[in-house]
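Working notes, beginning with the structure itself.
Chain naming here is simple, since letters A, B, ... match the order of the sequence lines and numbering starts at 1 in each.
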Amino acid sequence: MSPKRRGDVDTDAPTFESLLATKEIVIFCGSGGVGKTSVAAASAVAAAVHLGGKVLVLTIDPAKRLADSLGLEGIGNLEKRVPDEVLKAVGLEPRGELWAAMLDTKQSWDELVLRHAPDEETAYRILENRLYANLTARFVQSHDYIAMERLYELHESGAYDLIIIDTPPTRNALDFLDAPARMAEFFGGRLLRWLTLPYRVGGRRGARVLNVASRPFYQMADRILGSQFLQDIAEFFLNFQSMYDGFVTRAHAVERLLHDRRTSFAVVTTLEMAPLREAEFFCEQLVDRKFDLGALVLNKTLPRYLLDDDGARAATAMCDAATDVAAPLARSGVAGLEDEARDARVLRTIGESFRNFAVVAKREGELRTEIRNAPDIVVDVPSFDADIHDIAGLVELGNALLRRPTAPDQGRA
Amino acid sequence: MPASPSPGLLDRRLLFVTGKGGVGKSTIAAALAMLAADHGKRVLLVEVDAKGNLTDLFERPPVGFKPEVVAPGVSAMTMHTEASLQEYLKLNLRVPVIGRIGPIARMLDFVASAAPGVRELLTVGKVCWEVRESIAGRADWDLVVVDAAATGHIISQLDAPRSIRELVQVGMVREQTEWMADLLADPEITALNIVATPEEMPVSETIQLVDQARTELHVPLGAVIVNRVLPELFTRADEATYNALREPEPARILEAGVGAGSTAVLDAARLAVNLRRTRATHLTRLRAEVDLPMLYLPYLFVRGHGVRVTRMMATALGEELGL
C-alpha cells in the first residue's frame with residue numbers, strides 16, 4: 001500500500017493539514033494534562049470533515065463528556081461510526097466518515113491470548129491464572145503494549161485511511177515506544193528460561209526436579225519469594241511461552257509499523273516549563289530513534305492580544321488613572337455606568353487582570369522562541385475559555401489546528 | 001462547605017501527594033516540605049516518578065537515591081527501585097559478598113517487571129522504612145513527603161504491600177509487607193493527599209480516586225489541594241458595569257481615555273471571567289462529591305518558576321492550614 005493523498009493539500013509547505021492528509025497513522029503523545037486526548041479527537045474530526053476518507057480515532061482515557069459526545073459510552077473495544085447527523089448538527093458537511101473507538105486493555109489482552117495460544121485449553125489456563133489478571137490490569141507496560149498492538153490490528157484490517165491514537169498516560173510518555181521490543185525481549189529472555197528451569201526439566205510441567213531446585217540461586221529465590229509464588233510465576237510463563245513465537249513475531253511487526261513512514265508522531269504540549277521540557281525531550285527521542293516526528297502542537301496558549309503594547313498601556317492607564325477615566329463614563333448616561341466609584345473599581349480590576357495574564361502570556365512567548373528540537377510543523381492552539389467536551393468544541397479546536405476559520409454557523413455559538 | 005482544613009496534616013509522619021499529571025503535584029509536594037521545615041521539622045522529600053526534576057523547585061542539581069539537603073530543613077532523594085532492592089537485600093539477607101547480590105538483584109528485578117506490585121513494593125517499602133526508622137529514633141526525619149505516582153497509578157503503588165501478600169504466601173517478602181501495610185493504614189502516621197485543578201479531568205480523577213481509596217485502599221485520606229484557583233474578578237453588580245463598558249458609546253469613551261488597547265483589556269477580562277466560570281462548575285462538582293478538607297491555592301501570575309514559586313505556594317498552603 002502506498003501513501004494515500006486525501007483532500008486538497010498545498011504540498012509546498014508542510015502543514016498540520018498535510019500531515020493528516022498523507023499519513024495513515026498519527027500518534028499523539030505528550031505529558032499529562034496538556035490536552036492530548038482533545039487534540040487527537042479534534043484532529044480526527046477535522047480530517048474526516050475536511051480531508052475525507054475513513055478516519056478512526058482510538059482514544060485511551062477520554063473525559064466522560066467527550067466520550068459521550070463521540071458515542072463511546074460502554075462500547076468496549078468496538079469501533080463505532082459517529083453519525084453524520086452529529087456533524088451536520090454543528091453546520092458541517094463531512095467529506096469522509098468519522099469513527100471512534102476506546103481501548104479496553106483487559107479485553108484486548110484476552111483477545112491476544114485467544115489468538116496466539118496453541119489450543120483453547122492453554123488459552124483458558126492463561127486467562128484464569130491469578131498472575132495474568134494482575135499482569136494485564138496493573139503491569140504498567142502492558143497498557144502501552146496493548147495500545148500499540150491494537151493500533152497494529154486496526155491498521156492491518158485495512159478498514160481506515162487514517163488512524164489517530166492518543167497514547168496512554170504513563171510515567172514516561174515514551175515508554176510505549178519500547179513496549180513491543182521489551183515484550184519480545186521479556187518472553188525470549190534467558191532469565192525467564194532460567195527462572196522456569198526447575199519446572200521445565202523432567203518432562204512434566206510443574207514437576208520439580210530436586211537437583212536443579214537445590215542450587216543456591218533457587219534456594220535464595222525461595223527464601224525471598226517463597227516457592228509457591230515462584231511456581232505460580234513459572235507456570236504462568238510456561239503457558240505464556242507456548243505463545244512465544246506468535247507473540248514475538250507480532251511484537252516485531254508492531255515495532256516495524258511504528259517505524260514505517262506511513263506513521264507519524266505529533267507531540268502535544270502547553271507553553272509551561274515542565275510539559276514543554278518534556279515535549280522537547282520527546283521530540284529529541286523520537287528523532288534519535290528514527291521515528292517520524294511530524295508536528296509539535298502548542299496547546300492552550302493564551303491569545304496574542306495579551307502581548308499587545310497598546311493593551312499594556314491601556315491597562316496601566318486604567319489602573320493608575322481609574323478615576324479620571326471613569327468620570328466621562330459615569331456622565332455618559334449609559335445604564336450601569338452611573339456610579340463613578342464602581343466604574344473606577346471595575347477599570348482597575350480589568351486593568352490588573354490584563355497585566356496578570358500578560359505576565360503569563362509573555363512567559364509563554366519567551367518559551368515559544370526557545371523551543372529546542374522542534375519539527376517543521378509547529379501549530380499554536382489557543383486556549384478556549386470553555387471545556388472541549390462536545391463535537392462543536394472539537395470542530396473549533398480542529399479548525400485551529402488546520403488554521404481554518406470557524407464559520408459563524410459552525411461550532412459553538 | 002465540606003470539612004474545614006486539616007490542621008493536623010503536618011503532624012503526621014508520612015504524606016503522599018498524588019494528582020493527575022500536570023496539576024502541579026511536585027510543586028505542592030515541595031511546598032509542603034518547605035512549609036513543614038519552616039515549622040521546625042526535618043523533612044525528607046521523595047521523588048517517586050523519577051523525572052529527576054523535583055530539585056529544580058529548589059534550584060538545586062538533581063539528587064540520587066542518597067538524600068541530600070536541598071533547602072533549610074529539607075532533604076530530597078529520588079527513588080530507584082534497583083538501589084532500593086540492593087539496600088533491602090543488604091539489610092535483610094546479610095549477604096556478605098556484594099558480588100552475590102548481582103544475580104539475585106537481576107532475578108528480582110526480572111520478577112519485578114513481570115509480577116505486579118514488586119516494583120511498587122520496593123518504592124513504598126523504602127519510604128515506609130525511612131518512616132519506621134525515624135519513629136524508632138534511628139533516622140532523622142520528622143516528616144516524609146512523597147511526590148507519589150499520578151492518580152492512575154497511585155492505588156497499585158500504595159496497595160502493593162497488600163496485593164503482594166495475596167500473591168506470595170510465604171517467604172521474606174511476605175513478612176515485610178505486614179508492618180508496611182500497618183504503617184500505611186495508621187491515620188496518626190499516614191495521609192494520602194490529592195492535588196487537583198478546577199478542570200474536568202483532574203476533578204473527575206480526584207472523585208474517582210477518593211471513592212477507590214475508600215473501598216480498595218487501606219490508606220487514610222488527608223486533604224484535597226485545589227491548585228490554580230483563578231480569582232473572581234467581579235461581583236454581580238461589577239459585572240453589569242463591565243458589560244456596559246462593552247457597549248459602543250462607553251467603548252468609544254474608554255478608547256479616548258486610555259488608547260487603542262482598551263479592546264484588548266476588555267477582551268482579556270472576558271477571558272478571565274469565562275475561564276473562572278468554567279472552572280467554578282468543576283469546583284462545585286468537586287465540593288459536592290468529595291467530603292475531605294480542601295485547601296485552595298491561587299493561580300500564580302508569575303514569571304519563571306523555581307524556589308520563588310515553591311516559597312509562594314508554601315506560604316499560601318500555610319495560610320490555608322491556619323499556620
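Panel note: side chain R363(A), backbone V302(B); a donor-acceptor pair is recorded below 3.5 Å. Judged by distance alone, the side chain of T278(B) and the main-chain N or O of D387(A) form no donor-acceptor pair under 3.5 Å.
For the pair F354(A) and A268(B), the tightest heavy-atom approach, listed with the atom from each and the gap, is CD1-CB, 3.5 Å.
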Discussion item. side-chain contact (heavy atoms from CB on, under 4.5 Å) for T241(B) and D339(A)? Distances and angles first, verdict last.
Written reply: CA-CA 9 Å; T241(B) 300; D339(A) 184 343; over 6 Å; no
Worksheet entry | CA sep, side-chain torsions, deciding dist, call: F234(B), I350(A), side-chain contact (heavy atoms from CB on, under 4.5 Å) | CA-CA 9 Å; F234(B) 304 129; I350(A) 65 175; 3.4 Å; yes
Item to complete: Test F357(A) against L275(B) for side-chain contact (heavy atoms from CB on, under 4.5 Å), laying out the working first.
Response: CA-CA 12 Å; F357(A) 277 91; L275(B) 282 175; 4.0 Å; yes
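Here the side chains of V258(B) and R313(A) are not in contact, with every heavy-atom distance at 4.5 Å or above. In this structure, V265(B) and S353(A) have side chains that are not in contact, with every pair of non-hydrogen atoms separated by 4.5 Å or more. The shortest side-chain heavy-atom distance between P303(A) and D267(B) does not fall under the 4.5 Å cut-off. Side-chain contact between L347(A) and Y242(B) is absent, with no heavy-atom pair separated by less than 4.5 Å.
Contacts between residues 315-322 of chain A and chain B, counted as heavy-atom pairs separated by less than 4.5 Å, involve A315(A), A317(A), M318(A).
Taken from CG in N274(B) to CZ in F384(A), the straight-line distance is 13.0 Å, to the nearest 0.5 Å. Rounding to the nearest 0.5 angstrom, the gap separating the CG atom in D343(A) from the CG atom in L245(B) is 6.5 Å.
For a residue to count as touching a neighbouring chain, one of its non-hydrogen atoms must lie under 4.5 Å from one of that chain's; by this rule A272(B) touches chain A with backbone and side chain alike. For a residue to count as touching a neighbouring chain, one of its non-hydrogen atoms must lie under 4.5 Å from one of that chain's; by this rule E205(B) touches chain A with the side chain only. Residue E338(A) does not touch chain B at all, counting heavy-atom pairs closer than 4.5 Å.
Around atom CZ of R308(B), no more than 12 heavy atoms belonging to other residues, nucleotides or ligands sit under 6.0 Å away.
Your options are A312(A), G333(A), A314(A), G33(A), and the one with the most heavy-atom pairs under 4.5 Å with chain B is A314(A).
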